[in-house]
> 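Can you keep this structure in mind? I'll have questions shortly.
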There are 2 protein chains.
Amino acid sequence: MTEQNVIDKPEGYFTCPVRRTLSVVGGKWKLLIINELLVSPLRFNELKRRVGKISQRLLTAQLRALEEDGIVTREVKNIMPPHVEYRLTTQGQSISEVIEVLTTWGEKAIEQDTQQQ
Amino acid sequence: MTEQNVIDKPEGYFTCPVRRTLSVVGGKWKLLIINELLVSPLRFNELKRRVGKISQRLLTAQLRALEEDGIVTREVKNIMPPHVEYRLTTQGQSISEVIEVLTTWGEKAIEQDTQQQ
DNA sequence: CGGTATCCAATCAGATACTG
DNA sequence: CAGTATCTGATTGGATACCG
């Protein structure tokens with residue numbers, strides 16, 4: 001187990017629903033990763049390209065954490081060169097509800113940003 | 001302007017709704033803070049007590065950031081001892097939509113956690 | 001009460017090199 | 001291609017002291 005795999009389960013994790021959700025999707029990158037995987041399963045480098053400025057090391061760590069939380073699956077095809085595909089589980093797909101609300105709220109905010117200029 | 005007041009607006013901030021939302025509510029504490037303020041306006045120490053293990057310094061920094069993003073207002077009553085009240089703006093209250101979905105998702109997850117034992 | 005300033009430890013995160 | 005290992009700098013966050 002690497003250093004990043006130790007997912008901190010914050011206090012109140014079992015009892016507070018908001019904390020429970022944040023323990024899975026919290027952090028800078030996880031929602032962005034899930035957002036990309038909602039469209040289609042992706043290979044490591046393709047995912048990296050789409051998420052943006054994330055480093056290889058960080059992306060690996062985030063994906064391992066999401067795997068451990070049952071959000072994504074990692075399928076390794078034993079060929080050369082390697083082919084690893086990341087895919088949302090059923091649970092992972094259910095996070096689309098969260099993303100939708102974030103999207104709606106963000107769209108409104110952007111609208112207001114542009115009106116103020 | 002203190003060090004923590006420099007809010008990093010990530011790349012794609014203006015165009016990607018998810019990133020736009022995360023730039024406001026992302027981070028370990030902001031959603032938990034907003035969650036408490038949704039119930040009622042709170043004074044600094046009361047808020048600190050409810051949010052949990054957050055340090056004074058961090059809470060201050062998060063509140064300043066939320067203020068700068070138009071999510072909370074800070075009202076100082078000039079009496080002794082000081083009385084500072086934090087309150088959600090209309091925009092801040094609109095984040096309740098986000099919190100609701102996080103709550104719903106978290107409740108389901110907790111349900112599944114307990115069934116597996 | 002509600003902060004700010006300072007110091008320091010822990011953690012995060014990028015760059016680079018290397019590998020099955 | 002999809003990682004891991006290592007080193008290093010940046011950032012976060014706690015503890016403490018002090019202040020209006």
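First the proteins, then the strands, lettered A, B, ... as listed; each starts at 1. Because the structure is a prediction, the values reported are computed rather than measured.
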> In terms of side-chain geometry, is the basic nitrogen of B/Glu46 or B/Arg50 positioned less than 4.0 Å from the acidic oxygen of its partner?
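Judged by the 4.0 Å cut-off on N to carboxylate O distance, B/Glu46 and B/Arg50 do form a salt bridge.
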> How is B/Pro82 classified with respect to the nucleic acid when contacts are heavy atoms under 4.0 Å: base, sugar-phosphate, or nothing?
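Contact class for B/Pro82: base.
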> For B/Met80 and A/Gln56, find the nucleotide of DNA chain C closest to each by heavy atoms; which residue's nucleotide sits nearer the 5' end?
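Its nucleotide being nearer the 5' end, the pick is B/Met80.
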> Checking A/Glu85 now: which residues fulfil salt bridge (charged side-chain N to carboxylate O under 4.0 Å, His left out) with it, not counting sequence neighbours?
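Expected list: A/Arg87.
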> Measure from NZ on A/Lys48 to C1' on C/dA15 and round the result to the nearest Å.
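Taking NZ of A/Lys48 and C1' of C/dA15, I get 11 Å after rounding.
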> Could you give the CG-to-P distance, from B/Leu63 to C/dG3, as a whole number of Å?
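From B/Leu63 CG to C/dG3 P: 8 Å.
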> Nearest whole angstrom, please: distance from the P of C/dG3 to the CZ of B/Arg49.
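Atom-to-atom, B/Arg49 to C/dG3, this comes out as 17 Å.
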> Closer than 4.0 Å, any side-chain N/O of B/Arg64 to the OP1 or OP2 of C/dT4?
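For C/dT4, OP1/OP2 do have a side-chain N/O of B/Arg64 under 4.0 Å.
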> Considering only C/dG3, D/dC1, D/dG3, which nucleotide approaches the side chain of A/Phe44 most closely?
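Nearest listed nucleotide: D/dG3.
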> Evaluate side-chain contact (heavy atoms from CB on, under 4.5 Å) for A/Ile95 paired with A/Leu31, printing each intermediate quantity in order.
CA-CA 9 Å; A/Ile95 298 178; A/Leu31 278 167; 4.1 Å; yes
> Could you tell me whether the side chain of B/Arg57 has a donor or acceptor atom within less than 3.5 Å of a complementary atom in the base of C/dT6?
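A donor-acceptor contact between them is present.
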> Can you check the B/Ile79 CD1 to C/dC1 P distance for me, whole Å?
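Roughly 12 Å, once rounded to whole Å.
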> Of all the nucleotides listed (D/dG14, C/dG3, D/dG3), which has the minimum atom distance to the side chain of B/Tyr86?
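Selected nucleotide (nearest to the side chain): C/dG3.
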> Please figure out whether A/Pro81 or A/Ile54 has its closest DNA chain C nucleotide nearer the 5' end.
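Going by which nucleotide is closer to the 5' end, it is A/Ile54.
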> Would you mind telling me which of D/dA2, C/dG14, D/dG14 lies closest to the side-chain atoms of B/Leu58?
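Taking heavy atoms from C-beta onward, the closest nucleotide is D/dG14.
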> Could you state the CH2-P distance from B/Trp29 to D/dT12, rounded to the nearest angstrom?
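It is 14 Å, rounded to the nearest whole Å.
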> Test side-chain contact (heavy atoms from CB on, under 4.5 Å) on B/Val84 and B/Arg43; report intermediate values, then the result.
CA-CA 6 Å; B/Val84 180; B/Arg43 297 174 62 175; over 6 Å; no
> For a quick test of reading the model, state the closest non-hydrogen atom pair linking A/Gly106 to B/Arg20 and the distance between them.
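Taking every non-hydrogen atom into account, O-CG, 3.9 Å.
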> How many whole angstroms separate atom NZ of B/Lys28 from atom C1' of C/dA10?
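So the NZ-C1' distance, B/Lys28 to C/dA10, works out to 11 Å.
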> How close or far is atom P of D/dC1 from atom CG of A/Leu42, stated in whole angstroms?
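My rounded result for the distance is 15 Å.
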> Please state how far atom CD in B/Glu85 lies from atom C1' in C/dG3, giving the value in whole angstrom units.
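After rounding, the gap between these two atoms is 17 Å.
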